[in-house]
Structure formats: structure tokens, C-alpha cells
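The basis for the numbers below is simple: all heavy atoms, side chains too, and nothing from hydrogens, waters or symmetry mates. This one's a predicted model, so the numbers in the text were calculated from it and none came from an experiment.
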Amino acid sequence: MPLVNTTEMFKKAYEGGYAIGAFNVNNMEIIQGITEAAKSLNAPLILQVSAGARKYANHTYLVKLVEAALAVTDLPIALHLDHGDTFELCKDCIDGGFTSVMIDGSHHSYEGNVELTKKVVEYAHARGVTVEAELGRLAGIEDDVSVSAEDASYTNPDQVVDFVTRTGCDSLAIAIGTSHGAFKFKPGTKPQLRFDILEEIERRLPGFPIVLHGASSVIPEFVDDINKFGGKMDHAIGIPEDMLRQAARSAVCKINIDSDLRLAMTASIRKYFAENPSHFDPRQYLSPARTAIKDMVARKITNVLGCDGKA
Ligand code: G3H
Ligand code: 13P
Ligand code: ZN
């Protein structure tokens, strides 16, 4: 099966009350771990590549690795640009084989965001590529750019119909309290998502796919393992899995997860070296790391997304 765009998978997810996992990929082991989990659970998948991932691994390597995963798994997989911030970056990815792009104009003025998104949509749609846009601004870290909690802002439901109509985007990332990175809420605080805003957006845009970024749960046992085996990480509260499951049953059709994979992989490698200090063959420590990614993705598919059996 060739790479697909997100149209069909979002339509089915919306109607079926589940969400597709969008997992960030940076190397072969991450791609293998994610796709092996999806294959074992027969789940549709979005593999997403950030500007940082392209810089690290090289566009062509990532596309070829994803093509290999596709050949091996035969699942519906979309290859998506995560947080594209310019028309040129989106164009590069569209011309270079991606089937979906995000244009993140959330740092621009409202009118600037509309104008940039519209330009990307025109280019993408002419080539069969779907476009995710963002309205509202999440806190946290993206590509080493830190957005403070004060600069973050919830999506304004009054703007969504105008934005979607004028831009023609295919899905909309919204800000309802999730944030990027492994430090979302301070320990001891109670995480809250603005489900009232989500419901209002759903009411105003019936049938339209909504996206949640910053949706890692920062599961304590992985931070514990990192610290137990020589790391030094502060604990934080992530987005509880039951809240994400609730979101996945609504208009939310795509849930972005990266930090939880990073934590699982790092915990596994630290544990391996603590237990096998004399080993130096990368295959030895990357095999369990790949399995850790696979287990984490399988957990997300069943506990959070509900997309098992939907491929
Ligand atoms: O939202 C950002 C993703 O976690 C990707 O992170 O830009 O460090 O690759 P990155
Ligand atoms: P997390 O940092 O919560 O995993 O979010 C990832 C993300 O939104 C990628 O776009
Ligand atoms: Zn994001």
C-alpha cells in the first residue's frame, strides 16, 4: 500500500470515536518500534517528522526508512511534517514525498496565520497532500524554541469557522491546555484540559478533525528508571491517559506523542548500560530500546487512541 494522506483515516476516526497516533520519528529504531506496534495491533498510523528530525537524519533517509516500514507492514501510513513554520519547508516536504504537512502559523497574527496557511493549502491540495493548521498557542518546547506559559493561549472558538473556511485546511490543532515536552504541569498540581473549549469547537465545526499536540503522559516509572540508572530528571505531571482517551472519543482525530517515546527509549538505554557496563555494540542496547518504543506505542494505541483493529 502506498503512503496515504489523512483524509480517509480522519473520516473513519471521527465516525468511529477514536484517534490516530502521530508519533515523531528520528531514526530507524524509532520507526521500526512504532510500526511493529501498529502492525501487531492492526492500527493506522501517522509518522511525523519535525524540522529538527530532518536536520538530524536527512529528509531522504527518513522518507526511505518510512517507505521500508510501509513495505514491511502494509498499513495505512501518512508521512507528515510536524510544525512546519514556513511555506518553503512545507513545499520541500510536499515535493519530497510527504502526504501531509502541518503549517504552524500560530506565532503569527491571526491574519498572518490565515494568509500563510491558505498559501500552503493551495500548494498542497493541488498535489493531493492534506494540511493541518494551528490556532491558539501551546506552551512548552518545540525545536529548542520555548513558549512560556504566559505566552501560551487557548484557541478562541469564535475564530475557528472563519479560519477553517478562509484557509481550507483539513484539520486544526487547538490549544486546550496540553503543552510540549516532558515538563507540563508541576508535581502536585492537577492537570486540567479545557474540554469546554473542545466541545464548543466541535459544535461549531461538526465533522471536522481536531488535533491535539503536546499529548505525552510523562509516565512516572520511565522518569524513575532514568534517574535510577544514572540520569537526573525532574518529575513532572503529563496529560493523564484517561483525559486523552476522552478526547479521542470526540472530534479529536490525531494525537501527537513524542516525549513519551523519548523517555521510554532513554530509560531503556540507561538501564541496559547500568546492567551491562562493558558492552559497546549498538545493536545490543538499541534492540531493547526499539522494544521499549514498541511497547509504549502499543500502550498508546490501546489505552489512549482506541485505533487498534482500525487499519
Ligand atoms: O513538538 C515537537 C516535537 O516533539 C518534535 O521535537 O522539534 O525536537 O524534533 P523536535
Ligand atoms: P509531547 O512533547 O507531549 O510528546 O508532544 C509532541 C508533539 O506535539 C509533537 O508535535
Ligand atoms: Zn506539537
Side-chain angles (χ1 to χ4, degrees), residues 5-22 43-46 48 78 80 82-83 100-106 110 113-114 117-118 121 125 130-140 152-180 184 190-217 238-257 300-308 310:
N5 68 24
T6 56
T7 306
E8 201 53 35
M9 58 169 81
F10 284 171
K11 190 168 178 292
K12 287 188 187 160
Y14 197 102
E15 285 163 6
Y18 61 88
I20 316 289
L45 203 52
I46 297 172
Q48 56 186 12
H80 174 77
D82 190 27
H83 293 285
S100 174
V101 293
M102 174 189 194
I103 177 66
D104 181 355
S106 63
Y110 179 76
N113 191 356
V114 169
T117 302
K118 196 165 177 289
V121 167
H125 282 184
T130 40
V131 179
E132 173 186 331
E134 179 164 325
L135 201 52
R137 194 181 292 176
L138 271 67
S153 58
Y154 293 123
T155 304
N156 178 356
D158 288 341
Q159 293 179 328
V160 295
V161 172
D162 180 72
F163 186 83
V164 166
T165 312
R166 284 172 64 197
T167 62
C169 65
D170 302 284
S171 60
L172 187 66
I174 61 167
I176 58 166
T178 62
S179 59
H180 289 108
K184 300 188 192 298
K190 201 169 164 314
Q192 270 181 338
L193 295 189
R194 291 289 305 270
F195 278 98
D196 58 324
I197 295 179
L198 172 58
E199 277 163 27
E200 188 54 29
I201 292 171
E202 190 172 354
R203 197 179 68 75
R204 306 231 189 162
L205 290 175
F208 193 80
I210 299 301
V211 177
L212 279 191
H213 282 246
S216 281
S217 296
I239 314 296
E241 289 182 328
D242 58 336
M243 284 190 191
L244 295 167
R245 186 70 197 94
Q246 186 184 337
R249 285 196 184 91
S250 75
V252 171
C253 293
K254 172 175 180 271
I255 293 187
N256 283 15
I257 296 161
K300 298 292 175 184
I301 288 172
T302 48
N303 288 9
V304 168
L305 302 158
C307 62
D308 39 321
K310 310 292 188 186

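Side-chain N or O atoms of Thr178 include one that pairs as donor or acceptor with a backbone N or O of His213 at under 3.5 Å. Put simply, the side chain of Thr117 never gets that close to the backbone of Val114: no donor and acceptor are under 3.5 Å apart. Remark: the backbone N or O of Gly17 is not paired with any side-chain donor or acceptor of Arg249 at under 3.5 angstrom. The backbone N or O of Gly207 lies less than 3.5 Å from a partner atom in the side chain of Tyr14, making a donor-acceptor pair. Of the possible polar contacts, one joining the Lys184 side chain to the Ser179 backbone as a donor-acceptor pair under 3.5 Å is found. Under the 3.5 Å distance criterion, the side-chain polar atoms of Asn113 are matched with a main-chain donor or acceptor of Glu134.
Nearest heavy atoms, Ala175 versus Gly136: CB-C, 4.1 Å. Minimum interatomic distance between Ala247 and Val252 (heavy atoms only, all atoms of both residues): O-CB, 3.2 Å. Annotation for Phe163 and Tyr110: closest pair N-OH, 3.3 Å, computed over non-hydrogen atoms. Considering all non-hydrogen atoms of both residues, Arg245 and Asn303 come closest at CD-O, 3.3 Å.
Between the CG atom in Leu212 and the CE atom in Met243 there is a gap of 12.0 Å [rounded to 0.5 Å]. Note: His125 NE2 to Asn5 CG = 8.5 Å, rounded to the nearest 0.5 Å. To the nearest 0.5 Å, atoms CD (Gln159) and OG1 (Thr155) are separated by 8.5 Å. Going from atom OG of Ser100 over to atom CD1 of Ile46 covers 6.5 Å, rounded to the nearest 0.5 Å. Here CZ of Arg137 is found 6.0 Å from OG of Ser153. Values are rounded to the nearest 0.5 Å. A distance of 7.5 Å separates CD1 of Ile197 from CD1 of Ile176, quoted to the nearest 0.5 Å.
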### Steps toward side chain to side chain contact (heavy atoms under 4.5 Å, CB included) verdict (His80, Met102)
CA-CA 7 Å; His80 174 77; Met102 174 189 194; 3.6 Å; yes
### Message
Show, in sequence, the C-alpha distance, side-chain angles and deciding distance for Leu45 and Ile20, and conclude whether the side chain to side chain contact (heavy atoms under 4.5 Å, CB included) test is met.
### Response
CA-CA 6 Å; Leu45 203 52; Ile20 316 289; 5.5 Å; no
### Task
Show your reasoning for whether side chain to side chain contact (heavy atoms under 4.5 Å, CB included) applies to Cys169 and Val164.
CA-CA 6 Å; Cys169 65; Val164 166; 4.1 Å; yes
### Task
Take Ile239 and Ser216 through the side chain to side chain contact (heavy atoms under 4.5 Å, CB included) test and state the conclusion after the steps.
CA-CA 6 Å; Ile239 314 296; Ser216 281; over 6 Å; no
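Taking 4.0 Å as the cut-off between side-chain N and carboxylate O, Glu15 and Lys11 count as a salt-bridged pair. Using a 4.0 Å cut-off between a side-chain N of Lys or Arg and a carboxylate O of Asp or Glu, Arg204 and Glu200 qualify as a salt bridge.
Counting heavy atoms from C-beta outward, Phe208 and Val160 have side chains that stay 4.5 Å or more apart. A 4.5 Å side-chain heavy-atom check between Leu135 and Ser106 finds every atom pair outside the cut-off. By the 4.5 Å heavy-atom criterion applied to side chains, Pro240 and Ser217 are not counted as neighbours. Put simply, the side chain of Asp170 does not reach to within 4.5 Å of the side chain of Phe10, judged on heavy atoms. Looking only at side-chain heavy atoms (C-beta outward), Val131 and Ile103 come within less than 4.5 Å of each other. The side-chain heavy atoms of Met9 and Lys254, taken from C-beta on, include no pair separated by under 4.5 Å. The closest side-chain heavy-atom distance from Val304 to Ile255 is below 4.5 Å. Side chains of Ile201 and Ile174 form a contact here, defined as non-hydrogen atoms less than 4.5 Å apart.
Of the N and O atoms on the side chains of Asn256 and His180, not one donor lies less than 3.5 Å from an acceptor on the other residue. Using modelled atom types, one finds no donor on one side chain facing an acceptor on the other under 3.5 Å when comparing Thr130 with Thr7. With no hydrogens or angles considered, no side-chain donor-acceptor pair links His83 and Glu132 at under 3.5 Å. Side-chain atoms of Tyr18 and Asp308 form no donor-acceptor pair, as typed in the model, at a separation below 3.5 Å.
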